[in-house]
Amino acid sequence: MTPEEELLVEQVVTAHRQRRGDGSIASSPAWHDLDEAGRLVAFDETARQRRLEAALDSDGFSSTVRALLGRIQLAE
Amino acid sequence: MSDALLEQIAAGDSRAFGQWVAGCEQSLRASLRKFASSVDTEAVLQEALLRVWQVAPRFQLDGRPDALLRFAQVAARNVALSEMRRLGSKPPAEELPEVAVAFASPDPLLRAAVVECKDKLPGKPRLALEQRLESAGGDDDHVLAERVNMKLNTFLQNFTRARKLLAECLKQRGVDLDAELSP
């Protein structure tokens, strides 16, 4: 994996995602720039990262869970 | 059993929903691996879980265990397929089997090892990791990098380093994250 691809993977690993105009959750722009192998690496790294985040969180919540709760609170 | 939280979730208790998602996230994510080269599974997973939250007040148990989790798995698959159609992505390989979803409990031993390893990280990688943890998906990486006076690429490189060092440290303590992640 090239350094450029590693940077793309890192951008995909975050739980931060923008909303589309219709309110649905948009793909990471960096994900579109990865090839098939890079996308699989990003998937696996994300899964590992979420496990670590949940382990470090006092409630056992990963950044995906926190991002979801943030979206729910914004909508209420 | 994951349905124990259903009554609270249906009543609009978002914290109970968080607990429920924490228990099934790993398994649901693994069920999406077959779509990983066709769609951004993080976006798909978040979208599917928001739909579960919206449907929960009207959700009916079917007498079998983990009803909401099974519903979430179907929702995630449907969101993935819909996104594939939108993107014109090629479908996943047919031979890949469906992954059985299951509810998991926190692992206190893993938590202790991760906390210990995080404390050993050098300054900048630790700073980058902590920014992502504190932001919890709320901020773009440009914002996080600026907050700690790093260029975006430097921030991302430090985050990569943090993840690699954490994985090495955990391996030395006998924690195999890949085995831990097996569905």
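To find a chain, count down the sequence lines: A is the first, B the second, and so on, and within it residues start at 1. Everything quoted here is computed from the prediction, not taken from an experiment. Every heavy atom of this structure was used, including side-chain atoms; hydrogens, water molecules and symmetry mates were not.
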Starting at [atom1] of [X], measure out to [atom2] of [Y] and round the result to the nearest 0.5 Å.
X: D141(B); Y: T14(A); atom1: CG; atom2: OG1; value: 5.0 Å
X: E10(A); Y: R161(B); atom1: CD; atom2: CZ; value: 13.5 Å
X: D140(B); Y: Q11(A); atom1: CG; atom2: CD; value: 8.5 Å
X: D40(B); Y: I25(A); atom1: CG; atom2: CD1; value: 10.0 Å

(request) Verify the neighbour count for atom CD of E7(B): are there more than 12 heavy atoms of other residues, nucleotides or ligands below 6.0 Å? (result)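 It does not: E7(B) CD has 12 such atoms or fewer within range.
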(request) Determine whether more than 12 heavy atoms belonging to other residues, nucleotides or ligands lie under 6.0 Å from atom NE2 of H32(A). (result)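 Above 12, so yes.
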Would you check if [X] and [Y] make a side-chain contact, meaning some heavy-atom pair closer than 4.5 Å?
X: V13(A); Y: F159(B); answer: yes
X: R33(B); Y: L40(A); answer: yes
X: Q49(A); Y: L129(B); answer: yes

Could you look at [X] and say if it's the side chain, the backbone, both or neither that has a heavy atom under 4.5 Å from chain A?
X: E83(B); answer: side chain
X: R51(B); answer: neither
X: S38(B); answer: backbone
X: L50(B); answer: both
X: S14(B); answer: both
X: L144(B); answer: neither

(request) Determine, stepwise, if the pair R15(B) / D59(A) fulfils side chain to side chain contact (heavy atoms under 4.5 Å, CB included). (result) CA-CA 10 Å; R15(B) 184 156 185 83; D59(A) 295 314; 2.5 Å; yes
(request) Answer yes or no: is there an ion pair linking R17(A) with E47(B), defined by an N-O contact shorter than 4.0 Å? (result) no
Please name the pair of heavy atoms, one in [X] and one in [Y], separated by the smallest distance, quoted to 0.1 Å.
X: E36(A); Y: S37(B); result: CG-CB, 3.2 Å
X: A22(B); Y: F61(A); result: CB-CD2, 3.9 Å
X: I72(A); Y: F17(B); result: CD1-CD2, 3.7 Å

(request) Could you have a look at T41(B), D139(B), V115(B) and say which one has the most heavy-atom pairs with chain A under 4.5 angstrom? (result) D139(B)
(request) Following the transitive rule for hydrophobic clusters with a side-chain heavy-atom cut-off under 4.5 Å over Ile, Leu, Val, Met, Phe, Trp and Tyr, establish whether F71(B) and L81(B) coincide in one cluster. (result) yes
(message) Between S62(A) and E25(B), is there a side-chain donor-acceptor contact under 3.5 Å, judged purely by atom types and distance?
(response) yes
(request) With side-chain hydrogen bond (donor to acceptor under 3.5 Å, both in side chains) as the test, would you mind laying out the steps for R29(B) and T46(A) before giving the verdict? (result) CA-CA 10 Å; R29(B) 191 181 296 279; T46(A) 302; 5.4 Å; no
(request) Could you check T64(A) against Q46(B) for side-chain hydrogen bond (donor to acceptor under 3.5 Å, both in side chains), going step by step and ending with a plain yes or no? (result) CA-CA 7 Å; T64(A) 295; Q46(B) 289 190 28; 4.7 Å; no
(request) Please check if the side chain of R111(B) supplies one atom and the backbone of D57(A) the other of a donor-acceptor pair under 3.5 Å. (result) yes
(request) Take L170(B) and L52(A), measure what side chain to side chain contact (heavy atoms under 4.5 Å, CB included) needs, and give me the verdict at the end. (result) CA-CA 10 Å; L170(B) 288 170; L52(A) 294 176; 3.4 Å; yes
